[in-house]
Number of protein chains: 2
Amino acid sequence: MRLSRAAEYAVRCMLYLSTAGKGVLVGRRTIAREMDIPEQFLGKIAQQLARAGLIEIIQGVKGGFRLVVPPDELTLLMVIEAVIGEIFLNDCMLWPESCGRSPVCKVHVVWENARNQLRETLRKATFSSLITESPVLSPDAHSSLSLLNP
Amino acid sequence: MRLSRAAEYAVRCMLYLSTAGKGVLVGRRTIAREMDIPEQFLGKIAQQLARAGLIEIIQGVKGGFRLVVPPDELTLLMVIEAVIGEIFLNDCMLWPESCGRSPVCKVHVVWENARNQLRETLRKATFSSLITESPVLSPDAHSSLSLLNP
DNA sequence: GATAAATCAGACATTTTTTATCCTATTTAT
DNA sequence: ATAAATAGGATAAAAAATGTCTGATTTATC
Ligand code: SF4
Ligand code: SF4
């Protein structure tokens, strides 16, 4: 029940590219060094991000990656699911037929809600909001903090 | 990013025990057969549930498992975390020192909120509510459904 | 055009996690 | 005593995650 390292690397890569700005070309080596990602592994991850249409990969001398989607349209969910596939949390979400109980199972419904909630939270996190310096509390800080003391 | 099969089996086992009622002894074989769980594997999982204080294991002829906690105090979160450990979603939740960015990282904060939200959802799901027959919409059906159409 | 610097993409290797099963010991009702 | 049941450590098999290697390809520059 944890994020894969590959997805975390993808997020870091996109943080760097978002800071550079849409369309700005950045070398793979630079990103790997600055964000503590094994360079070859980053190559593999970048392939997935490119296939998902999030970045463009440039070959040759002075090659590298460039952001295709503007940071304010790019979400954590997009980046993570580009790498690990759609989030389902429980197998019976993806294959309801794998468990005969699914049509009447209330646990199934809980997972459904949990999944929607999680994906919604990740969808709301745009990269433009993630790369801004953290000066003060965000507007919805209260609703977030309220979760800490239930 | 998916629940382990062991945790799903644990949930099913506890569903069965909750239906039987607190303190009622049920044979391991019975549970395994009724809930489609490999019996030996169920034995391993039961050890974890017992260590967490959720069930009691009785040896000998006519042995089996019995629920220690009343179903209305037993939550999905308790059962799942008894098996897979506390949910953290991202490694930097458990070990903030694993990433030097954690003190200022806004992604970190998103994961913190997502984690709290998920655990809260699972904490609200008591087994007494999970085993009731599903006749009509629950009181909070609207808030749940609203997530489906964001 | 040749060269060199960069990435691509498939195959391969290693490690970790998950999912069990085996087998002997122990417990307990009869 | 016997037999039915679970305990618990060891082990095995499978799957997933995490990288790395290598030859091919692309492209700026000389
Ligand atoms: S028992 Fe319910 S939650 Fe578990 S796999 Fe079946 S449908 Fe899904
Ligand atoms: S970059 Fe942020 S989210 Fe990723 S590991 Fe570091 S602190 Fe956690």
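Chain letters run A, B, ... following the sequence lines, proteins first, then strands; residues in each count from 1. Values in this document were obtained by computation on a predicted structure and should not be read as measured data. What's counted below: heavy atoms across the whole structure, side chains too, no hydrogens, waters or symmetry copies.
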What's the spacing between A/N113 CG and A/L89 CG if we round to 0.5 Å? 11.5 Å

Nearest-Å distance, CD1 (B/I37) to P (C/dT21)? 13 Å

Separation of D/dA16 P from A/M1 CE (nearest whole Å): 17 Å

Within the structure shown, what part of the strands sits under 4.0 Å from A/R2 by heavy-atom distance: base, sugar-phosphate, or nothing? sugar-phosphate

Compare every heavy atom of B/T30 with every heavy atom of B/Y16, then report the nearest pair and how far apart it is. OH-CG2, 3.6 Å

Hey, could you give me the CG/CH2 distance between A/L76 and B/W111, rounded to the nearest 0.5 Å? 7.0 Å

What is the separation between atom CD on B/Q40 and atom C1' on C/dT18, rounded to the nearest whole Å? 17 Å

Residues touching DNA chain D, which here means a heavy atom under 4.0 Å, drawn from residues 5-15 of chain B: none

Distance col, row B/M35:CE vs B/Y9:OH, nearest 0.5 angstrom, shows 12.0 Å

Can you find a donor-acceptor pair, distance only, under 3.5 Å between B/K44 side chain and D/dG8 base? yes

Tightest non-hydrogen contact, residues A/L130 and B/K106, listed as O-CB, 3.7 Å

Side-chain hydrophobic cluster, 4.5 Å single linkage: members besides B/I58: B/L25

DNA chain D: B/R51 or A/E39, which has the more 5' nearest nucleotide? B/R51

Among residues 56-71 of chain A, which contact DNA chain D at a heavy-atom distance under 4.0 Å? A/Q59, A/G60, A/V61, A/K62

Applying side-chain contact (heavy atoms from CB on, under 4.5 Å), run through B/L122 and B/T75 and close with a yes or a no. CA-CA 7 Å; B/L122 297 179; B/T75 70; over 6 Å; no

For the residue pair B/S129 / B/K124, report whether a side-chain donor-acceptor contact shorter than 3.5 Å exists. no

Using every non-hydrogen atom in the two residues, find where B/M1 and A/L3 come nearest and quote the distance to one decimal. SD-N, 3.9 Å

Separation of C/dT15 P from A/F41 CZ (nearest whole Å): 16 Å

Please report, rounded to the nearest Å, how far the C1' atom of C/dA9 is from the CG atom of A/L42. 15 Å

Taking B/Q48 for its side chain and B/V83 for its backbone only, find out whether a donor-acceptor pair lies under 3.5 Å. yes

How far does CD1 of B/I31 sit from CD1 of B/I55, to the nearest 0.5 angstrom? 7.5 Å

May I ask you to list the residues of residues 83-101 of chain A, by number, that have any heavy atom positioned under 4.0 Å from an atom of DNA chain D? none

Rounded to the Å, how far apart are B/R28 CZ and C/dT21 P? 12 Å

When the rotation axes relating C1' atoms of four end pairs to the next four are compared across the helix from C/dG1-D/dC30 to C/dT30-D/dA1, five pairs an end, they differ to 10° by 10°

Return the set of residues passing side chain to side chain donor-acceptor pair (under 3.5 Å) with B/D72 (not counting sequence neighbours), or none when no residue passes. none

Whole angstroms only, please: what is the CG-P distance between A/L3 and D/dA17? 11 Å

Which nucleotide sits closest to the side chain of A/P38: C/dA20, D/dT20, D/dA7? D/dT20

So which atom in B/L67 and which in B/L54 form the shortest heavy-atom distance, rounded to 0.1 Å? CD1-O, 3.7 Å

Report the distance from atom OG1 of B/T126 to atom CG of B/L77, rounding to the nearest 0.5 Å. 12.5 Å

I need the CD-C1' distance between A/Q48 and C/dC8, as an integer number of Å. 14 Å

